[in-house]
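Some notes on the structure that comes next.
Each chain gets a letter, A, B and so on, in the order the sequences are listed, and its residues count up from 1. All values below come from the heavy atoms of this structure, side chains included, with hydrogens, waters and symmetry mates left out.
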Number of protein chains: 2
Amino acid sequence: MTIKEVCEKYGITADTLRYYERVGVIPAVGRTKGGIRNYTEEDLGWVENAICMRSAGVSVEMLIEYVRLFREGDSTFQARRDLLAQARAEIQAELDKINETAKLLDYKISRYDEAIRTGVLSWDKDENV
Amino acid sequence: MTIKEVCEKYGITADTLRYYERVGVIPAVGRTKGGIRNYTEEDLGWVENAICMRSAGVSVEMLIEYVRLFREGDSTFQARRDLLAQARAEIQAELDKINETAKLLDYKISRYDEAIRTGVLSWDKDENV
DNA sequence: ATACACTCTGGAGTTGACTCCAAGTCAAGA
DNA sequence: TCTTGACTTGGAGTCAACTCCAGAGTGTAT
């Protein structure tokens, strides 16, 4: 699969794919004899994984570390598990923060709706913005 | 309240507080006659709000727009409500993505745990990394 | 009144994660 | 073979959101 096809499949730019490979977010992709990238199913698995993790805010640095450990082989199983667990904990913290903010936003929006509905366009003085 | 006290209260740097004020994430803070910031309870409400929204990934740009609308007065009630609703939708999308990734991570971690426990350090060939 | 910690401003620098570009190479169709 | 569009690399540029700095002013304790 060419880089263009991979881009279209995942809605990502070729520059980003090359960047991911260059810095090690995904392992090196095989090439044709002319030097052009030829993505295998396994490569696509790595690409998919990178996109999924990045979309959740897992850092590029952490993904690089994971690939590095993966390349070192079976002796890094525990280290890889621990890295994933760390990523999991980080995104859980993120989830908690976002949920809290979501609740606050829901409250604020309901207060605005009420104010707009009743025509009373003011807050209690003890209430923040 | 001085900037230092606000920093300590919220675990944020003075530079960030001044930055937020300079770009308009929070409205201008009152000063002593010598020109030193003196945060009121209302200012703290804005600071708290900014920190909460930023921690959930709401953009600085959106917070600036909210403060701008707020300063324009009651005629912007609907616009402010809509902006909050937009922020709410954005963080919901973020929540959905993170939850999806969390599930994948949980699965991967359980697979690693199983592999480590049984001593069988290999995946099925159809399974990605 | 002097020291010392704190604060001010404007502007430059940093970080993470891309994103773009130039100059050259590759490959499929006419 | 020639053209045209896609691909290559290395390196520079961009963007959001801070973060740091120099040089100057403030304020309080001795």
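- Comparing C/dT7, C/dT19, D/dT8 by their closest approach to the side chain of B/T2 singles out C/dT7.
- Of the charged side-chain nitrogens involved, none lies within less than 4.0 Å of a carboxylate oxygen, so that A/E100 and A/K97 do not count as a salt-bridged pair.
- Closest contact between the side chain of B/V60 and the listed nucleotides C/dA17, D/dC18, C/dT7 involves D/dC18.
- Rounded to a whole Å, the NZ atom of A/K33 is 12 Å from the P atom of C/dC26.
- When each of D/dT8, C/dT9, D/dT19 is scored by its nearest atom to the side-chain atoms of B/R22, the top-ranked nucleotide is D/dT19.
- Taking only side-chain nitrogens and oxygens, A/Y20 never comes nearer than 4.0 Å to OP1 or OP2 of C/dA17.
- Protein atom CD1 of A/I36 is 7 Å distant from nucleotide atom C1' of D/dT8, rounded to whole Å.
- Here the side chain of B/T76 pairs no donor or acceptor atom with the backbone of B/A79 at under 3.5 angstrom.
- Under 4.0 Å is where a charged nitrogen must lie from a carboxylate oxygen, and between A/K9 and A/E5 no such pair does.
- B/T16 has a side-chain polar atom (N or O) that falls below the 4.0 Å cut-off from OP1 or OP2 of D/dT19.
- Without hydrogens or angle criteria, A/E21 side chain to A/V29 main chain gives a donor-acceptor distance under 3.5 Å.
- Taking atom CG of A/D15 as the reference point, atom C1' of D/dG11 lies 12 Å away to the nearest angstrom.
- For A/R37, the listed nucleotide lying nearest its side chain is D/dT9; candidates were C/dC18, D/dT9, C/dT7.
- For the pair A/I36/A/T2, no side-chain contact is recorded, criterion being any heavy-atom separation below 4.5 Å from C-beta on.
- Taking atom CG of residue A/N38 and atom C1' of nucleotide C/dA27, one finds them 14 Å apart after rounding to whole Å.
- Between A/I3 atom CD1 and D/dT9 atom C1' there is a gap of 12 Å when expressed in whole angstrom units.
- At the phosphate of C/dT9, OP1 or OP2 sits under 4.0 Å from a side-chain N or O atom of B/R31.
- Here the C1' atom of nucleotide C/dG16 and the CG atom of A/L63 are 13 Å apart, to the nearest Å.
- One interatomic measurement links the two molecules: CD of B/E61 to P of D/dC18, which rounds to 14 Å at whole-angstrom precision.
- Nearest-nucleotide positions on DNA chain D for B/G34 and B/G57 put B/G57 closer to the 5' end.
- Look at CZ on B/R18: it is 11 Å from C1' on D/dC20, rounded to the nearest Å.
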